[in-house]
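Take a look at the structure set out below.
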Amino acid sequence: MDILRAEHIRKNFGSQHVLTDLNFSVSKHSIFGLIGKNGSGKTTTMKMILGLIKPTSGSIYVCGEKVAYGDTPTNRHIGYLPDVPEFYGYMTAREYLKLCGEITGVRRSEIHKRTDELLCLVGLNGVNRKIHSYSRGMKQRLGIAQALLNEPELLICDEVTSALDPVGRKEILDLLSAAGKRATVIFSTHILSDVERICDQIGVLNNGQLELQGPLNEIKQDYRQEALQIETLTPDQAPVLAAHLKALPFISKAEVSGRTVNVQLNHYEENSLDIIRLLASESIPILKYERLEPTLENVFMDVIR
Amino acid sequence: MTQISDLLPLLIPIIVLELILVITALIHIFRHKTYRFGNRVLWVVLVLCFQLIGPVVYFIFGRGDD
Amino acid sequence: MSGFTAFFKKEIVEYLRSYKALILLCVFIIFGMMSPLLAKMMPDILSHQAINGITLNIPKPTFYDSFGQFFKNLSQMGMAVLLLIFGGVLSQDLSKGTLIMLLAKGLSRHAVILAKFAAALILWTASYAFAVMIQWGYTLYLFDKLPVPHLFFSLFCLWLFGIFILTILLMSSTLVGGAYSGLFLTTAALGALIVCQFIPGTDRFSPLALASDNAGLMTGAANLHHAVTAVWITVILIVSALAVSLVVFKKKSI
């Protein structure tokens, strides 16, 4: 069953059309990466799921319930973590979580236990300072604790790693992939390596709609470039090899740079043996023979082009 | 004609309250390095020179985030 | 309801830890102590200024003068302090983005407005009550008690005017964005009311009468009937401003 479904979402800010026709759904127990350039409407989309911003038209369903603008009861299923979470600096983490717990209606006896568990989980137990003295990474971790407090079925994370250093990023990504075992996670970002690290489903937001959606590994397969990289032993052998390769009918391109030949070809599976035979018959010694893996970056650049 | 000295016992609580405000403000100023705007010297001068108004303005506009 | 209680507690903690409660209480208590003293010392102060041998004939200050001084201080400086303390009542929470996560947690928007109003109302009422009690005590000690007509009504008027300011601040912050724009809009609204006072015949309906006629009501210089009209108008304005805040905030993009 789909935990989240967006149907024909349109959003204009004045004359600016941020989203033109956004349709997507997220199935339960996936980690969904929402990718897009800055300003492509990622934050707007997330705020609409939370009922904080009103879509110009279209509707969103969370766990089958329609999201109502303003106070939406669907938020009880959701945990939300913004890019830069803002807290009341004069509170301690414990006080803040207590406030959140009271708002969501967690039972009084539960709040204390949940708070302890979560502070342990995010590594803030034993920190009794006021929040205003926290680093960005600590605030982000408290943000995760806050988002997980009501044991949400859907965890919405907006650009949560963008403002962090590599250590902070790793901590947050680890926490999110752990959270992904129990909840569905929607994770928006423009950092593609983060998506490759934790997401299993992706959607690429471009021109106001989701231009590509599906399981990450399938998408990578579909966008697989048929490309090879062959490194010869000495630089003078590279042009020779390139000339021989170009003569083969299935090779579309063979470019030399130094002693490396970059090859583009069709139907690698059927033709790979011919290349090996060529290398053997011409007795060109090679250092490296590699089929290039498609990266998410290639896919992304391809889609938004 | 009333003498100011007769009223002194009644004046003391006012002075005490004003001192509380000034001292709280000064302690806060010296414990913090950053202010929403202005610098330490400005706020110390303001708080000391303008009784009542100085501390009020500091806590409303000058106090940094905490 | 749980959202209201939790957010109300948060508001109170915020007023305490941001020193706002301390300032408001101290300032109002100081006004309560200072006004009778100022009234008492006024002849001495004035006679010191009378140089060149001109003797000013100043009547001996009375019970009325003490309260006159109190109303003057509170309706001017007191209201200014009230504006400053509660100027960021909703704007700060909105402009900093601290409300987003709580709203996403399911905090109802009506609860936000009502809790903010309740907390501000309690803080204002407490400070005002302290000021009045101390003013009463000091005045009784320093002056002979005189029968004062409508004193409690006058005090009530100023209290109501304070609530009027609070609700206008709250409404302004729902209407415009920015950390201090609610404060600016309210100041502009009060400015407009002051300008309106110059239009003959309108002053009796203006909420400003609640903060300007207090002393006059005691001495009989102001018309009690007019003041009652102003009270009802102000009550209607307070309720409408609250209603507008609730409706606008419910529909606000955050």
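Nothing here was measured: the structure is a model prediction, and the numbers come from that model. Per chain, numbering begins at 1; letters A, B, ... match sequence-line order.
Heavy-atom neighbours of C:Glu14 CD from other residues, nucleotides or ligands within 6.0 Å: above the threshold of 12. Within a 6.0 Å sphere centred on NZ of C:Lys72, other residues, nucleotides and ligands contribute 12 heavy atoms or fewer.
Taken from CD1 in C:Ile85 to CZ in B:Phe59, the straight-line distance is 10.0 Å, to the nearest 0.5 Å. Between atom CE of residue C:Met77 and atom CD1 of residue B:Ile53 there is a gap of 3.5 Å, rounded to the nearest 0.5 Å. In this structure, the separation between CG on B:Leu11 and CE on C:Met33 is 10.5 Å, given to the nearest 0.5 Å. The distance from the CZ atom of B:Arg63 to the OH atom of C:Tyr19 is 7.5 Å, given to the nearest 0.5 Å. Here the CD1 atom belonging to B:Ile20 is positioned 11.0 Å from the CG atom belonging to C:Leu25, to the nearest 0.5 angstrom.
Contacts of B:Ile60 with chain C are made by both backbone and side-chain atoms, with heavy-atom separations under 4.5 Å. For a residue to count as touching a neighbouring chain, one of its non-hydrogen atoms must lie under 4.5 Å from one of that chain's; by this rule C:Gln92 touches chain B with the side chain only. Both the backbone and the side chain of B:Leu10 have a heavy atom closer than 4.5 Å to some heavy atom of chain C.
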The test is side-chain contact (heavy atoms from CB on, under 4.5 Å); show your working for C:Ile23 and B:Thr24 and say whether it passes. CA-CA 10 Å; C:Ile23 297 172; B:Thr24 332; over 6 Å; no
Start with the C-alpha gap between C:Ile29 and B:Ile14, add the side-chain angles, then the distance that decides, and say whether side-chain contact (heavy atoms from CB on, under 4.5 Å) holds. CA-CA 8 Å; C:Ile29 290 173; B:Ile14 299 182; over 6 Å; no
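Residues of residues 118-141 of chain C having a heavy atom under 4.5 Å from any heavy atom of chain B, listed by number: C:Tyr138, C:Tyr141.
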